[in-house]
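Single-structure report; data block below.
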Protein chains: 4
Amino acid sequence: MRNRERVLNLSLALFNQQGIAHVSTLQITTELEISPGNLYYHFRNKEDIAKALVQEFDQAVSRMRSEFSHQVNTLDDYPAFLLSLMTLLAQYRFVLRDLETLVLGEPDLKRCFGHLYNSLKALNQAMFDHLNHLDALSIEKEDQRFLADNSLMIAIGWINQLSMVNNTDEHTLILRQGVSRLVALVQPYLKLT
Amino acid sequence: MRNRERVLNLSLALFNQQGIAHVSTLQITTELEISPGNLYYHFRNKEDIAKALVQEFDQAVSRMRSEFSHQVNTLDDYPAFLLSLMTLLAQYRFVLRDLETLVLGEPDLKRCFGHLYNSLKALNQAMFDHLNHLDALSIEKEDQRFLADNSLMIAIGWINQLSMVNNTDEHTLILRQGVSRLVALVQPYLKLT
Amino acid sequence: MRNRERVLNLSLALFNQQGIAHVSTLQITTELEISPGNLYYHFRNKEDIAKALVQEFDQAVSRMRSEFSHQVNTLDDYPAFLLSLMTLLAQYRFVLRDLETLVLGEPDLKRCFGHLYNSLKALNQAMFDHLNHLDALSIEKEDQRFLADNSLMIAIGWINQLSMVNNTDEHTLILRQGVSRLVALVQPYLKLT
Amino acid sequence: MRNRERVLNLSLALFNQQGIAHVSTLQITTELEISPGNLYYHFRNKEDIAKALVQEFDQAVSRMRSEFSHQVNTLDDYPAFLLSLMTLLAQYRFVLRDLETLVLGEPDLKRCFGHLYNSLKALNQAMFDHLNHLDALSIEKEDQRFLADNSLMIAIGWINQLSMVNNTDEHTLILRQGVSRLVALVQPYLKLT
DNA sequence: AATGAATGAGGGTTCATTCAT
DNA sequence: GATGAATGAACCCTCATTCAT
C-alpha cells in the first residue's frame with residue numbers, strides 16, 4: 001500500500017513539471033525502482049493516476065471551502081487566505097494547465113475535471129458571499145458574479161505563470177504577485193469605513 | 001507553394017480542435033490527400049508548423065496594436081474593439097491553451113511563444129495607456145499595471161472556455177460573455193463625466 | 001479443499017465461454033473472491049487447471065463407455081444415447097474446440113488431450129461394434145472404421161457449432177440437430193427387418 | 001508493395017504452425033528483417049493480416065466453386081476434386097482451427113469468418129447438386145442436406161488432424177485419408193449402373 | 001489454507017521523420 | 001514539388017507467477 005502513495009507523490013511532481021502526456025509510466029516506475037506491473041496493480045492506467053490526483057485536489061478544495069469562513073473574519077484575513085488557496089492550486093497546477101486532456105480525455109477523467117472546476121467556482125462564490133456578509137464589500141449581485149468569474153480566471157492564469165518558470169525559488173514571489181492582483185481586483189468595491 | 005498554405009490552414013483548425021500533441025502529421029497529410037514527404041518538404045518538422053502559426057498570430061496581434069488607436073476614439077468603441085481582439089485570440093486559441101508545449105517544447109518554439117506573449121502584454125498596456133490619454137479612466141500608474149495583467153489573463157481564460165465547448169454556435173455567446181467581464185473590470189475606474 | 005472445486009467449476013464455465021487463452025487467472029480469482037495465491041496453492045499453473053478438467057472429461061467418457069452396452073439394447077435406444085453423449089461433449093466443449101493449445105501446449109497437457117481423444121475414439125468404435133453385435137447393422141469391417149471416424153468428427157464438429165451461438169436456449173436445438181446427422185450417417189447401413 | 005505480400009506469406013505459414021495468438025508481430029517483422037512500423041504501414045493491426053488471409057481463402061473457395069462443374073463430369077472425377085479442395089483447406093488450416101478467435105474476435109474479423117463459412121457451405125451444397133444432376137446419386141432432398149452438412153464437418157475435422165502432426169510428410173497421407181472418408185460418406189447413395 | 005503486493009518479460013501499436021525515386 | 005514505403009524508438013499495458021506473511 002506504500003507504493004501506491006509513492007506513485008501518487010512522484011506522479012504529482014512529474015505531472016507538474018512535464019505534463020501528464022510527457023510522463024511515461026516507465027519513467028515513474030524506474031524512478032521509484034518498482035516494476036511496471038506494480039504500478040498497474042495499483043492503478044488501472046495512467047489516467048487513473050491523474051484521476052486520483054484530481055480527486056485529492058478536489059477534496060482539498062472542498063476542505064478549504066468549509067474552513068475559510070472560520071479563517072476569514074475581517075478583510076485583513078483575505079490576503080492570507082488567498083495565499084493559502086493559491087498555494088494549494090500551485091501544488092496541483094498540472095490540472096489547471098492541461099486543458100488538452102480535459103477536452104480530449106476519457107469521459108471518466110473529464111467528469112473528475114468538471115467536478116473540480118465546479119468546486120473551485122463554488123469556493124469562489126462562497127468567498128465573495130462571505131465577504132459581503134462581513135459587510136466588507138459594497139457590490140451589486142450581478143457585479144459580484146462577474147467578480148467571482150474574473151477572480152477564478154486570474155487565479156488560474158497566475159498559477160499557469162508558475163509553469164513557465166523553472167526556478168522554484170521564484171514561485172513564492174509569483175504566488176504573492178498573484179495574490180496582489182486578486183486583492184487589487186476587489187479594491188474598487190471595498191466599503192469605506 | 002499552394003500546399004504549404006493548405007497545411008497551415010488545416011493544422012490551425014486541427015490544433016484548435018485537438019491540440020498539437022493529438023494531431024499527427026499523418027492525419028494532416030491524409031486529410032489533405034498529400035504525401036507525408038510533401039509536408040516535410042514544406043516544414044522541417046511538426047513544431048515548425050506550429051511555429052509558423054504562432055508567428056502568423058503574433059503578426060496579427062501587432063497589426064491590431066497599431067490599428068486600435070485609430071479605431072478606439074471614445075470609450076464607447078472599447079467593447080467592439082475587445083470583441084474583435086477576442087475573436088482573433090479565438091482563431092489561434094490552441095496557442096493560448098497549450099502551456100505544456102510552451103514549457104517543454106524546443107527552445108525555438110518557446111521563443112516564438114514568448115514573443116507572442118510579450119506582444120499581447122504590450123497591446124494590453126498600450127490599450128490602457130490610450131484609454132487614459134482619452135481621459136476616459138481615472139487610475140493610478142500601479143493600478144493600471146495590475147489592471148492590464150488581469151485583463152490579459154481574463155481574456156485568455158475566457159478563450160480557453162471555448163475549448164471546453166464543442167458546439168460552435170455557443171462560441172459567439174462565450175466571446176460576448178468574455179467581453180462583458182473585461183468591460184466590468186474597467187467599470188470601477190471610469191471617469192464620471 | 002472447497003476452493004479447488006470452485007476454481008474448477010468456474011474455470012470450466014469460463015473456458016467454454018471464452019477459451020483458455022482468453023481467461024486470466026486473475027479473472028477466475030476475482031470472480032471467486034479469492035486471492036491469486038490461493039489459486040496457485042491448489043494448482044501449479046493455469047494449464048494445470050485445464051489438465052484437471054480434461055481428466056474429469058476423460059473419466060466421464062470412460063464411464064459412459066462402460067455404461068452404454070447396458071443402456072443400448074435395441075437400435076431405438078441409439079438416439080437417446082447419442083444425445084447424452086453429445087450433452088457430455090457440450091459440457092467440456094472448450095477441450096474439443098481448442099486445438100491451438102493442443103498443438104502448442106506443454107507436453108503434459110498434450111498427453112492428456114491425446115488420451116482423451118483416444119478414449120473418444122474407443123467409445124465410438126465400441127459403439128459400432130455393439131450395434132453390430134445387436135445385429136442392427138450390416139456393414140463391412142473397413143466401412144465400419146470409416147464410419148466410426150466420421151461419426152466422431154461430426155459429433156465434435158457439431159459441438160463446435162455451439163460455440164458460435166451465444167444464446168444458450170438454442171443449444172439443445174443444436175444438440176438435437178447433431179444427433180439427427182449422426183443418426184442419418186448410420187441410416188444407409190441399417191439392416192432391414 | 002513487395003513487403004505486404006511477404007508479410008502475408010510468412011503470416012500464413014506461422015499462423016498455420018502456431019495459431020494467430022501465438023504469433024507476435026515482432027516475430028513476423030524480425031523473420032522478414034523489416035521494421036515493426038513497416039508491418040503497421042501495410043496493415044492496421046494483427047487481425048488485419050488475418051482478415052486479409054481469410055479473404056484470400058474465401059476468394060479461392062469461390063473460384064473453386066465456379067470451376068468444379070467443369071472439372072467434375074463423372075463420379076470418377078470426384079475424388080480428385082475433393083483432394084484439390086482438401087489441399088486448399090489445408091493451406092489455410094489456421095482459419096478452420098481457430099474457433100476461439102471466431103467466437104471472441106473483433107466483429108470485423110468475425111464477419112469475414114462468417115462469410116467464408118457460408119462460401120464453404122455453398123460450395124458443398126453445389127457439389128452435391130451437381131452430382132445429383134450428373135445422375136450419379138440417388139438421394140432425397142432432406143438426406144442430401146444432411147449429407148452436405150456432414151461432408152463439410154468431416155472435411156474440416158480432417159484438416160484439423162493435420163495440425164496435430166508436425167511432420168509435413170504425413171500431410172499428404174492424411175489428406176488422402178480424409179478424401180477416403182468423404183468418398184465413403186457418399187458410397188451408400190451411389191446409383192448402381 | 002489463504003492473502004495480496006510485487007515481479008518482469010513480452011506484446012501490440014503509434015508516429016515523427018527519412019530518403020530513394 | 002511530390003510520392004510513399006520504410007525506419008525505429010518509445011509507449012502503454014497484460015498476465016502468469018512468486019513469496020513473504
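Within every chain, numbering begins at 1; the chains are lettered A, B, ... in the order of the sequence lines, protein sequences first and strands thereafter.
In this structure, C/N3 does not reach the E/dA1 phosphate: none of its side-chain N or O atoms is under 4.0 Å from OP1 or OP2. OP1 and OP2 of F/dG4 both lie 4.0 Å or more from every side-chain N or O belonging to D/H42.
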Between the protein and nucleotides 19-21 of chain E, which nitrogen or oxygen pairs are less than 3.5 angstrom apart?
none

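Here salt bridge (Lys or Arg N to Asp or Glu O under 4.0 Å) pairs that include residues 28-45 of chain C, with residues two or more places apart or in two chains, number zero. Listed by first then second residue, pairs satisfying ring-ring contact (aromatic ring centres under 6.0 Å, His included) with a partner in residues 10-32 of chain A read A/F15-A/F94, not counting sequence neighbours.
Non-hydrogen atoms lying under 4.0 Å from DNA chain F are contributed by C/N45, C/K46, all within residues 45-57 of chain C. For residues 12-35 of chain B, proximity to DNA chain F is found at B/I34, B/S35, defined as any non-hydrogen atom under 4.0 angstrom from a strand atom.
Side-chain N or O atoms of B/K51 include none that pairs as donor or acceptor with a backbone N or O of B/K110 at under 3.5 Å. Listed for the C/R6 side chain is no donor-acceptor partner under 3.5 Å among the backbone atoms of C/N3. A donor-acceptor pair is defined here as one N or O able to donate and one able to accept, closer than 3.5 Å; no such pair exists between the side chain of C/D48 and the backbone of C/F43.
Residues that satisfy the side-chain hydrogen bond (donor to acceptor under 3.5 Å, both in side chains) test with C/R97, not counting sequence neighbours, are C/S163, D/E100. B/N160 is linked by a side-chain hydrogen bond (donor to acceptor under 3.5 Å, both in side chains) to nothing, counting only residues two or more places apart in sequence or in another chain. Evaluation of the side-chain contact (heavy atoms from CB on, under 4.5 Å) rule for B/A21 yields no partner, not counting sequence neighbours. Take D/Y92 and apply the ring pair (Phe, Tyr, Trp, His ring centres under 6.0 Å) test, not counting sequence neighbours, and it matches D/F57. Residues satisfying the side-chain contact (heavy atoms from CB on, under 4.5 Å) test with A/Y40, not counting sequence neighbours, are A/T25, A/N45. Contacts of B/R111 classified as salt bridge (Lys or Arg N to Asp or Glu O under 4.0 Å), with partners at least two apart in sequence or in another chain: B/D108.
Put simply, CG on B/L39 is 12 Å from C1' on F/dA2, counting in whole angstrom units. If you measure from atom CZ of A/F43 to atom C1' of E/dA6, you get 15 Å, rounded to the nearest angstrom. Separating the OH atom of B/Y41 from the P atom of E/dT17 is a distance of 18 Å, rounded to the nearest angstrom.
The CG atom of A/L10 lies 4.0 Å from the CG atom of A/L14; values are rounded to the nearest 0.5 Å. A distance of 10.0 Å separates CG in B/L12 from CD in B/Q17, rounded to the nearest 0.5 Å.
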Per-residue pairing states of DNA chain E in dot-bracket (Watson-Crick or G-U under 3.5 Å; . unpaired, | other strand) read .||||||||||||||||||||
